[in-house]
**Q** 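I am attaching a structure below and will ask some questions about it afterwards.
So you know, we letter chains A, B, ... as the sequences are listed, proteins then strands, and number each from 1. Since this is a predicted model, take the numbers as computed values, not measurements.
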2 protein chains.
Amino acid sequence: MTRASSRRPGPPTRTERGIPEATVARLPVYLRALTALSDSGIATASSEDLATAAGVNSAKLRKDLSYLGSYGTRGVGYDVEYLRYQIAREIGVTQDWAVVIVGIGNLGHALANYSGFGTRGFRIVALLDADPTLVGERIGEMEVRDFAELEDIVKADRVSIGVITTPAGPAQDVCDRLVAAGVTSILNFAPVVLSVPDGVDIRKVDLSIELQILAYHEQRKSGEAALPQVPELPALNGMPDLPSVGGGVGA
Amino acid sequence: MTRASSRRPGPPTRTERGIPEATVARLPVYLRALTALSDSGIATASSEDLATAAGVNSAKLRKDLSYLGSYGTRGVGYDVEYLRYQIAREIGVTQDWAVVIVGIGNLGHALANYSGFGTRGFRIVALLDADPTLVGERIGEMEVRDFAELEDIVKADRVSIGVITTPAGPAQDVCDRLVAAGVTSILNFAPVVLSVPDGVDIRKVDLSIELQILAYHEQRKSGEAALPQVPELPALNGMPDLPSVGGGVGA
DNA sequence: AGGAGCTTGTGAACGTGAGAACAAAATCGG
DNA sequence: CCGATTTTGTTCTCACGTTCACAAGCTCCT
């Protein structure tokens, strides 16, 4: 369960004409860098220029771009507008994707107001919440609608992307409803592991996990310089209470 | 520039007694799963149970845990409370980390109200904004303070983590100020590539990038089933305007 | 006490990603 | 028209991450 990658046992285990996942994750960064260059009136950029703007190394950038085709000119560089369009087309943001946001709490509010929803390519078609006291509230140019309308909205507007900004509790239920209604991509802000059937893509954004990763490295920094009394042995000292093993798995 | 990883040319290129980065990123997930199990009154769990709860495969979970030490019991599993404490200690969330949030727009508001700030281990000590009309506003139990107070606050409260929720424009300036004040870990929500000196860790959360990654896969799904007229050749058809290469790099 | 049955911890195989280095192709100057 | 220069696209190598498979170790039952 929870496998969302479609890996069929095809002939040579080759991803079907696919771009590596790590590259896909960087393409939006390149797209943004190209847009910035374009806005600055720059017409041509070398892989070195682009790499600097995108915060990566130039060899990696060139290899990434090579998966899309040969869009550069040796000795010259890349035409900014041309490459920008090619990447946008490859990602799929030359068309508009309909998005619903479920859960209009603080975060849902913030996302609903997010001007332009990042870059173009995405269109919020509905804000949904199950709380009757929220339904009807206006946020920007939209109105919060009842979660029960989900199915109608998804079908009417061909919604393929759902954003979950509910608390952890109802998130899996919301997710199931979204999938049942026909949504095939989900962006989850709720702090739970959601399980979805094969063929549905899911991505997670989790503030507290990010903070904890930072804390880990922060602790190392302090520990290295000042207080290296990290227990080297896998010892069991300083534990609140060391329970003896045993006690069934049931509740 | 923009390298935040401290890779010194030490003897065997071995990370200094370090846990692999991929593992570090999963430890918070395990921690959350363990907390959930603990709340359900479950005292012992096998790697299979834990892996299911965390949404990973059990071999990976066991290998991850093995970097921390041998905290399980063969034939039995892991003591939930014990393991939870060990992971919390390894991550560093047994102590409290002081956090400042800079940029009190929609998203800053949402984060400021985020109850408990995810899990324990983090304490918001200040909400900062440069806009004088925002300064003084109360959010929950806190009051927005002037960004100019940053240095004092960082020193007084030993702030090591900064969260940037400003627009893209001022983000790099804010980042520089944070670093200059002594912050050594940054969580960036602004859609720009920030560059920081060595020794400063930076993580990025970017809504529009996540959506674009979903869009890419979504496009593939549609294309596979219905309309496979993806141009197989690296052709240049359907382009808005195909510019001839040439035209200087300057503005 | 001893064997059967689980479950952990880890060694080895495999796949993916990153970076260095270089050949191929384009422009530019003479 | 040709060589020097620039920059891409690609190959090769190495490091990292994932998964399999199994020996080691613990508990429980007879």
**Q** How long is the line joining CG of B/Asp49 and C1' of C/dT7, in whole Å?
**A**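 Atom-to-atom, B/Asp49 to C/dT7, this comes out as 11 Å.
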**Q** Would you kindly give the CD-to-C1' distance between B/Glu21 and D/dG17, to the nearest whole Å?
**A**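 Distance check: B/Glu21 CD to D/dG17 C1' gives 12 Å.
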**Q** Distance check needed: D/dG9 C1' versus A/Tyr67 OH, whole Å only.
**A**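 To the nearest whole Å, that distance equals 12 Å.
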**Q** So if I take every side-chain heavy atom of A/Asn57 and compare against C/dG19, D/dT19, C/dA21, which nucleotide ends up nearest?
**A** C/dG19
**Q** Using a cut-off of less than 4.0 Å, is there contact between a side-chain N or O of B/Arg26 and OP1 or OP2 of D/dT18?
**A**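 Affirmative; the distance criterion is met.
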**Q** Nearest whole angstrom, please: distance from the C1' of D/dA23 to the CZ of B/Arg62.
**A**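 The answer, rounded to whole Å, is 13 Å.
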**Q** Verify whether one side chain among B/Arg89 and B/Thr94 offers a donor that lies under 3.5 Å from an acceptor in the other.
**A**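 No, because no side-chain N or O of B/Arg89 sits under 3.5 Å from a partner of the opposite role on B/Thr94.
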**Q** Looking at B/Arg74, I'd like to know whether one of its side-chain N or O atoms comes within less than 4.0 Å of OP1 or OP2 on C/dT10.
**A**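 Checking B/Arg74 against C/dT10: no side-chain N or O falls below 4.0 Å of OP1 or OP2.
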**Q** Closer than 4.0 Å, any side-chain N/O of A/Ser47 to the OP1 or OP2 of D/dT8?
**A**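 Yes, within the criterion.
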**Q** Separation of B/Leu65 atom CG from C/dT7 atom C1', in whole Å?
**A**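 The answer, rounded to whole Å, is 13 Å.
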**Q** Choosing from C/dG17, C/dT7, C/dT27, which nucleotide comes nearest the side chain of A/Val76?
**A** C/dT27
**Q** Nearest heavy atom decides the nucleotide; on that basis, is A/Gly75 or A/Ala59 closer to the 5' end of DNA chain D?
**A** A/Gly75
**Q** Tell me the interatomic distance from A/Lys63, atom NZ, to D/dT7, atom C1', rounded to whole angstroms.
**A** 17 Å
**Q** Please report the distance, rounded to the nearest Å, between OH in A/Tyr78 and P in D/dT7.
**A**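 Roughly 12 Å, once rounded to whole Å.
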**Q** Specify the separation, in whole Å, of atom CG of A/Leu68 and atom P of D/dT10.
**A**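 Computing the A/Leu68:CG to D/dT10:P distance gives 12 Å.
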**Q** Of the listed nucleotides (C/dT10, D/dT18, D/dT10), which one gets closest to any side-chain atom of B/Ser66?
**A**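 Nucleotide nearest to B/Ser66's side chain: C/dT10.
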**Q** Look at the side chain of A/Ala22 and decide which nucleotide, out of D/dT27, D/dT7, C/dG17, has an atom nearest to it.
**A** C/dG17
**Q** To the nearest 0.5 Å, tell me how far B/Leu83 CG sits from B/Leu34 CG.
**A** 5.0 Å
**Q** Hey, do the aromatic rings of B/Tyr71 and B/Tyr82 have their centres closer than 6.0 Å?
**A**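 Yes, the ring centres sit under 6.0 Å apart.
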**Q** Does the side chain of B/Arg32 pick up a donor-acceptor pair with the side chain of A/Ser208 at under 3.5 Å?
**A** yes
**Q** Within the 3.5 Å criterion, strictly below it, is a donor on B/Thr23 or B/Asp64 matched to an acceptor on the partner's side chain?
**A**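 Result is yes, a qualifying pair exists.
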